[in-house]
Amino acid sequence: MPVTSPLPFSEAVRRAVRAIPRGEVRSYAQVALYAGKPGAARGVGRELKTLKGVPWWRVIRSDRTLAPAVAHEQARRLAAEGVQVKQQGEHFRVVP
DNA sequence: AATATGACCATAC
DNA sequence: TGTATGGCCATAT
């Protein structure tokens, strides 16, 4: 019998994302790592699409660009928290 | 049940 | 610099 039961992926992701401080960002891969599933960055994006009540806009790609599917809304929310976002055409990037 | 599809990433060429 | 490939994981078909 397993003495410990790892949190379901969705719960682990929820915790990891909620732990990101206001005004900061983390990459999908970083969240996956923190959630105990290194390499599961794709799964993180899949979960963020469903999870409610989490600051999903603080999760960006490793190259600091924003996922095209949500880029516009995400850029607005990040800017509202004081995160500097640069727009290059249809392409958004968080300024380091 | 099997395959395809993403809000992805690292590596290889 | 850009494209390909394999790994990852929950849904949708």
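Chain letters run A, B, ... following the sequence lines, proteins first, then strands; residues in each count from 1.
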Across all strands, who's sitting opposite C:dG6 as a Watson-Crick or G-U wobble pair, both distances under 3.5 Å? B:dC9

Could you tell me the Watson-Crick or G-U partner of B:dA2, where both distances fall under 3.5 Å? Say none if there is no partner. C:dT13

Between B:dC9, C:dA10, B:dA7, which nucleotide has the shortest distance from any of its atoms to the side chain of A:R46? C:dA10

Side chain of A:A29 (C-beta onward), nearest among B:dA10, B:dG6, C:dC8: B:dA10

Do any of residues 47-66 of chain A sit with a heavy atom less than 4.0 Å from DNA chain C, and if so which? A:E47

Look at A:E73 together with A:R77 and state whether they make a salt bridge at an N to O cut-off of under 4.0 Å. yes

Could you tell me whether A:E47 and A:R14 make a salt bridge, using a distance below 4.0 angstrom between a side-chain N and a carboxylate O? no

Check: A:Y34 main-chain N/O paired with A:R15 side-chain donor or acceptor under 3.5 Å: no

Give a yes or no on this: more than 12 heavy atoms of other residues, nucleotides or ligands lie within 6.0 Å of atom NE2 of A:H91. yes

Have A:W56 and A:Q74 got a donor and an acceptor in their side chains that come within less than 3.5 Å? no

C:dG2 and B:dA7: how far apart are their P atoms, nearest whole angstrom? 23 Å

Atom pair distance, as rounded to whole Å: CZ in A:R42 and C1' in C:dT11: 13 Å

Please test A:E24 against A:R26 for salt bridge (Lys or Arg N to Asp or Glu O under 4.0 Å), starting from the C-alpha separation and ending with a verdict. CA-CA 7 Å; A:E24 291 187 25; A:R26 292 280 162 13; 3.5 Å; yes

Applying a 4.0 Å non-hydrogen cut-off, can you work out what A:Y28 is touching in the nucleic acid: base, sugar-phosphate, or nothing? base

Where each residue is assigned the nucleotide of DNA chain C containing its nearest heavy atom, which of A:A41 and A:F9 is assigned the position nearer the 5′ end? A:A41

